[in-house]
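Heads up: the structure comes next, in C-alpha cells.
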Amino acid sequence: EAANPTAAIYCKTGECEIRVTAREATEQAAEAACNARIAEFKEILGAAAYDVDVPALEYTVVRALREHGLHAAAAESCTGGMIAERLTNVPGSSEVFGYGFVTYAEAAKQKLLGVDAAVIEKYNVVSGPVAAAMAFGAARESGAELAGPGGALPGKPVGTVYLAGADTRTDTGYLMRLTLGGYQDRQIIRTRAALYALDMLRRMALGLDVPDSVRFTPEMA
C-alpha cells in the first residue's frame, strides 16, 4: 500500500525475491529511500534475507566462503550434481570449491566417501546417519572445512531428503530432514533440496544457526 518506495514480492522455486523501487528527484535520494526500505525487510526477515542485488544464492555462498577463507565440497545423490553446478557457475568459485561427488549408488557412497555398508544396511540409504557419514566423508576426501550431501532415493516417501553439513574445524555438523512430497515434479524437489543445501552452507560459513536441524558429531555419523 506504500506509495513510495514500493515493494513487490516475486515467488520463485524455493525462495522469494523482493524488489524495492523508489521515485525521487535524484538517483542518490532514490537509492537512500530504497536502502531504508530494504533495512526494514532485513530487520523483519533476519538471516533469511541472504543478500541484496545478487543473481542467485550461490553467489552469496561463494563470497561468504572466500571472505572467511573456507573451502567447501559436496556429495550428492538425488540432486545429481546440481549443487556443484550452481556453485561452479559463479566466477572465481574454484578458489573455494574443488570437489563435487555424485554418489547415487550405494557402492559409490561406500567407495568414494567411505560410508560403512553396515550403516546403510541398518538405517537405509535415505537416512540421517548415512547423510552424516557422507558429509564427513566428503570433507575427509576433499580436505575441505565444510562439506555436505543432499539426496534421496526410493524407499521413503517421495520428496524425503536428508541434508547434512560437516564442519571439520569443530568436528560437528548439522542434519536436516526435508519432506517435499507435496511437489510431485522431481525437478522442483531437486531444486528445493539444492537451495536448502546452499543455504545451510551459507549459514555454516557465517557461523549462523541452521533452523530445523540437529547437531551431530563424527561418532554419531
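These numbers come from a predicted model, not from an experiment.
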For the [atom1] atom of [X] and the [atom2] atom of [Y], what is their distance to the nearest 0.5 Å?
{"X": "M200", "Y": "M176", "atom1": "CE", "atom2": "CE", "value": "4.0 Å"}
{"X": "L163", "Y": "L178", "atom1": "CG", "atom2": "CG", "value": "4.5 Å"}
{"X": "L201", "Y": "L87", "atom1": "CG", "atom2": "CG", "value": "6.5 Å"}
{"X": "L180", "Y": "Y196", "atom1": "CG", "atom2": "OH", "value": "6.5 Å"}
{"X": "R23", "Y": "C34", "atom1": "CZ", "atom2": "SG", "value": "11.0 Å"}
{"X": "R192", "Y": "Q187", "atom1": "CZ", "atom2": "CD", "value": "13.5 Å"}

Test of understanding: with side chain to side chain contact (heavy atoms under 4.5 Å, CB included), list the residues that count as partners of [X], not counting sequence neighbours.
{"X": "A138", "value": "A75, F101, L113, A147"}
{"X": "K42", "value": "I38, V52"}
{"X": "T172", "value": "T170, R215, T217"}
{"X": "A30", "value": "A22, E24"}

So do the side chains of [X] and [Y] get within less than 4.5 Å of each other, counting heavy atoms only?
{"X": "D171", "Y": "P218", "value": "yes"}
{"X": "F97", "Y": "V62", "value": "no"}
{"X": "L65", "Y": "L146", "value": "yes"}
{"X": "R177", "Y": "T160", "value": "yes"}
{"X": "I120", "Y": "V115", "value": "yes"}
{"X": "K109", "Y": "S77", "value": "yes"}

message = Taking OH in Y99 as the centre, count heavy atoms belonging to other residues, nucleotides or ligands within less than 6.0 Å. Is the count above 12?
response =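 At most 12 heavy atoms, drawn from other residues, nucleotides or ligands, come within 6.0 Å of this atom.
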Could you pull out the closest heavy-atom pair between [X] and [Y], with the gap in Å?
{"X": "F216", "Y": "Y174", "answer": "CE2-O, 3.1 Å"}
{"X": "T21", "Y": "N4", "answer": "O-OD1, 4.2 Å"}
{"X": "A205", "Y": "L70", "answer": "CA-CD1, 3.9 Å"}
{"X": "A73", "Y": "A144", "answer": "N-CB, 3.8 Å"}
{"X": "Y123", "Y": "S127", "answer": "O-CB, 3.3 Å"}

Kindly write out the residues that satisfy salt bridge (charged side-chain N to carboxylate O under 4.0 Å, His left out) with [X], not counting sequence neighbours, or none if the list is empty.
{"X": "R63", "answer": "D51, E67"}
{"X": "D199", "answer": "R202, R203"}
{"X": "E27", "answer": "none"}
{"X": "E40", "answer": "R37"}

remark   = The remaining residues in the hydrophobic cluster of L206, counting side-chain heavy-atom contacts under 4.5 Å among Ile, Leu, Val, Met, Phe, Trp and Tyr, are L208
V119 vs V130, side-chain contact (heavy atoms from CB on, under 4.5 Å): CA-CA, chis, key distance, verdict = CA-CA 7 Å; V119 174; V130 170; 4.0 Å; yes
Sub-3.5 Å donor-acceptor pair from the side chain of [X] to the main-chain atoms of [Y], do we have one?
{"X": "D167", "Y": "R169", "answer": "yes"}
{"X": "T79", "Y": "G81", "answer": "no"}
{"X": "T26", "Y": "A29", "answer": "yes"}

query = So which pairs with a foot in residues 81-99 pass salt bridge (charged side-chain N to carboxylate O under 4.0 Å, His left out), sequence neighbours left out?
reply = E58-R86, R66-E95
key: Residue pairs fulfilling salt bridge (charged side-chain N to carboxylate O under 4.0 Å, His left out) with at least one residue in residues 128-145, sequence neighbours excluded   =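 Residue pairs with at least one partner in residues 128-145: there are none.
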message = Could you walk me through whether T191 and M82 satisfy the side-chain contact (heavy atoms from CB on, under 4.5 Å) test, starting with their C-alpha distance in whole Å, then the side-chain angles of each, then the deciding distance to 0.1 Å, before giving a yes or no?
response = CA-CA 8 Å; T191 299; M82 184 178 289; 4.0 Å; yes
Side-chain donor-acceptor pairs under 3.5 Å in residues 10-17, sequence neighbours left out?
from	atom 1	to	atom 2	distance (Å)
Y10	OH	R19	NH1	3.4
Y10	OH	R19	NH2	3.1
E15	OE1	Y50	OH	2.9

task = Answer with yes or no whether the hydrophobic clustering places L112 together with Y162; edges join I, L, V, M, F, W, Y residues whose side-chain heavy atoms lie under 4.5 Å apart.
result =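 Looking at the clustering, Y162 is in the same group as L112.
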